[in-house]
> 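Following this message is one structure expressed as structure tokens.
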Amino acid sequence: MEEREKIINIAVIAHVDAGKSTLVDAFLNQSGVFRDNEKVVDCVMDSDAIERERGITIYSKNCSVMHNDVKINIVDTPGHADFSSEVERIMKTVDTVILLVDSSEGPMPQTRFVLKKSLEQGLNPILLINKLDKKDARVEEVVDEVYELFMDLNANNDQLDFPILYGIARQGVVVYDPKDLEGFEVEKDGRKIDKNFKGDDKYNIKPLFDTIAKHCKPYPDLRDEPLQLQISSLAYDDYIGRLGIGRITKGSLKEAQVVAVAREDGSLVEKKINQVFVYRGLSRVPVQQAQCGDIVVVSGISDIMIGETLTDKNDPQAMEMIHIEEPTLSMNFMVNDSPFAGKVGKFVTSRHIRERLNKELEVNVGLKVEETDTTDCFKVSGRGELHLSILIENMRREGYELGVSKPQVILKKDERGKKLEPIEEVVISAPDEYSGSIISKLNLRKGMMQNMSSENGYTHLEFMVPTRGLLGYRTEFINDTRGEGTMVRRFDHFDDYKGEIPQRVNGVAIAQEAGVSTPYALSNISERVKLFIEPGTEVYEGMIIGENARGDDMVVNPCKQKQKTNQRAAGNDDAVKLPPAVEFSLEEALEYIDDDELVEVVPDDIRMRKMILGEMDRRKYKNRH
């Protein structure tokens with residue numbers, strides 16, 4: 001039998017912003033994947049446009065590097081809790097995980113989640129304390145906190161005996177002891193050292209490569225056994241169609257092989273695969289045969305689903321289906337029926353929206369789509385606001401128009417029929433002077449404080465808050481802390497329904513008629529209203545143009561013209577000075593709207609409106625209900 005390639009699969013896991021994608025950059029830079037003259041972008045794995053703009057990882061992605069004679073497949077995973085279904089699946093395809101922890105922040109809520117999933121799979125992690133160049137680094141305390149976290153999660157003795165490394169991923173440097181970094185310059189002449197630092201004899205990423213090789217044995221040779229390959233994620237290629245990605249657990253796989261597909265319902269279906277790809281650096285390379293242990297991409301099965309097993313047709317051995325946690329939030333996606341509908345978008349009908357949502361379901365397993373009583377509305381459920389807003393943002397960029405309702409929390413019932421709601425763990429760090437208002441607002445929103453500490457002028461707060469109470473709070477939090485606070489949240493568990501929670505306090509200003517807003521009209525309105533539009537904005541009846549200072553809604557006319565008479569009062573013709581309008585991002589708009597309002601999403605704009613546009617129609621509806 002020919003010599004088998006040694007393979008180790010690793011995943012890089014951490015809380016958001018701990019440096020996962022940057023570490024993968026360092027792996028690729030220092031393993032010779034790029035040519036010397038090749039221009040390399042930061043976070044090269046974050047290839048999606050939204051990932052680049054926001055600086056976050058949304059989809060887990062694969063690449064591979066060679067270290068001596070061992071092929072190391074690397075999976076870069078998302079850190080946001082909303083995309084944790086991506087993390088859950090890939091844990092089954094790897095042999096170990098590198099747990100990144102920030103040297104000053106320590107373990108965060110999502111660190112707990114990703115570590116818990118890896119320990120449940122029986123993986124023995126490697127700990128890397130990152131960002132050692134931070135001025136407020138507290139390395140020893142952070143290591144102690146990680147040990148406590150491992151014990152909280154019931155890690156076994158082997159898992160507790162994890163190797164610890166220290167580094168600055170941005171500079172591509174990893175060491176065995178923090179003292180080894182004492183001579184390393186992060187800056188030269190006040191400028192950060194080039195991130196594409198290829199490493200030198202003293203400072204490089206080699207200690208991490210060596211630790212992976214020492215800590216994790218290459219995948220055992222099981223080529224003689226019947227084929228077993230579980231699909232852990234999906235991709236789509238415009239030329240070859242749907243692709244299934246997963247690790248070959250046993251046996252080997254050839255191109256054009258006929259396999260049995262074990263479905264979720266227990267049935268077996270014979271299918272022929274077309275091509276088999278493996279990862280070389282960042283590229284997918286077709287191969288005639290792939291062997292056990294490798295992460296492969298297969299084409300040719302148009303209806304392959306996550307969790308299904310490709311197995312030997314003569315000796316089928318199905319693997320246990322992958323369990324994905326249930327969605328916690330839902331919103332209605334509906335056909336845009338505003339007066340401006342169809343002016344900009346290419347895809348505006350319910351058929352277009354249905355096809356796009358069904359296409360998303362093929363690759364986004366944390367999502368759930370249900371039909372509603374009406375044909376032009378779909379109930380879409382996901383793991384959080386960010387999860388759903390990324391989908392809406394992608395649709396908007398692709399030319400779709402739609403109306404989106406306020407996010408609703410998904411409630412459950414226990415065995416006794418008692419109503420349960422999702423509770424989130426919230427970790428807040430903010431300057432001391434703002435802690436009082438944060439605590440009082442979260443108490444109003446039925447939050448329970450778990451922990452509070454203060455250090456260096458910053459207060460650290462830990463709360464358990466119902467998801468309902470957090471809807472619409474982020475914008476308020478940013479305003480209350482003048483943008484200096486950080487808030488991270490993660491779904492924790494379902495608990496008893498907490499009763500009524502106060503929502504938005506202020507009413508809105510609603511346009512009375514269609515037209516173009518004038519400076520004259522907005523100047524008068526701005527005395528009582530915080531404006532959301534600038535002069536010269538096209539508006540329609542029922543569109544929300546600002547926030548009322550009081551609690552009730554107010555109908556105003558933003559298109560009113562100044563009377564053109566030959567009578568002039570002294571000083572009245574001075575230039576109108578308006579405060580700048582408040583601009584809403586998609587997430588902020590979804591947080592802001594109330595139950596009787598919608599966000600209108602079109603390719604070039606995001607507007608807020610009332611569900612019922614006409615003033616008289618709204619009054620009639622109110623009287624009937």
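Owing to the predicted nature of the structure, the values given are computational and were not obtained by experimental measurement.
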> Whether D496 and K419 form a salt bridge (side-chain N of Lys/Arg under 4.0 Å from carboxylate O of Asp/Glu) is what I want to check.
no
> Quick one, K610 with E597, criterion salt bridge (Lys or Arg N to Asp or Glu O under 4.0 Å). Give me CA distance, side-chain angles, the key distance, then yes/no.
CA-CA 4 Å; K610 286 288 179 185; E597 296 162 2; 2.8 Å; yes
> Is the side chain of D102 donor-acceptor paired with the backbone N or O of G106 at a distance under 3.5 Å, no angle test?
no
> Are there over 12 heavy-atom neighbours, none belonging to K134, within less than 6.0 Å of that residue's NZ?
yes
> Using a strict threshold of under 4.0 Å (side-chain N to carboxylate O), is an ion pair present between E476 and R445?
yes
> For the residue pair I10 and V94, what are the closest heavy atoms and their distance?
C-CG1, 3.8 Å
> Give, for atom CD1 of I428 and atom CD1 of I438, the distance between the pair rounded to the nearest 0.5 Å.
5.5 Å
> Might you confirm whether atom NZ of K379 has over 12 heavy atoms from other residues, nucleotides or ligands at distances under 6.0 Å?
no
> Could you tell me the separation between the OG1 atom of T328 and the CD atom of Q408, rounded to the nearest 0.5 Å?
12.5 Å
> With the threshold set at 4.0 Å, does a side-chain nitrogen-carboxylate oxygen contact exist between R607 and D605?
yes
> Name each donor-acceptor pair under 3.5 Å that joins a side chain in residues 140-153 to protein atoms two or more places apart or in another chain, with its distance.
{"unit_1": "E145", "atom_1": "OE2", "unit_2": "R138", "atom_2": "NH1", "d": "2.8"}
{"unit_1": "E145", "atom_1": "OE2", "unit_2": "R138", "atom_2": "NH2", "d": "3.4"}

> Do R482 side-chain atoms and N479 backbone N/O form a donor-acceptor pair below 3.5 Å?
yes
> Flag the pair D210 and K214 as a salt bridge only when some basic side-chain nitrogen lies within less than 4.0 angstrom of an acidic carboxylate oxygen.
no
> Which pair of heavy atoms, one from E591 and one from K406, lies closest together, and at what distance?
O-NZ, 4.3 Å
> Can you name the nearest heavy-atom pair linking S389 to E587, along with the distance?
OG-OE2, 2.8 Å
> Is there side-chain contact between L391 and L367, with at least one heavy-atom pair below 4.5 Å?
yes
> Donor-acceptor pair, Q121 side chain versus S118 backbone, under 3.5 Å?
no
> Report the C-alpha separation of F532 and Y592 in whole Å, then their side-chain angles, then the decisive distance to 0.1 Å, and conclude whether the ring-ring contact (aromatic ring centres under 6.0 Å, His included) test is met.
CA-CA 12 Å; F532 298 161; Y592 185 81; 5.5 Å; yes
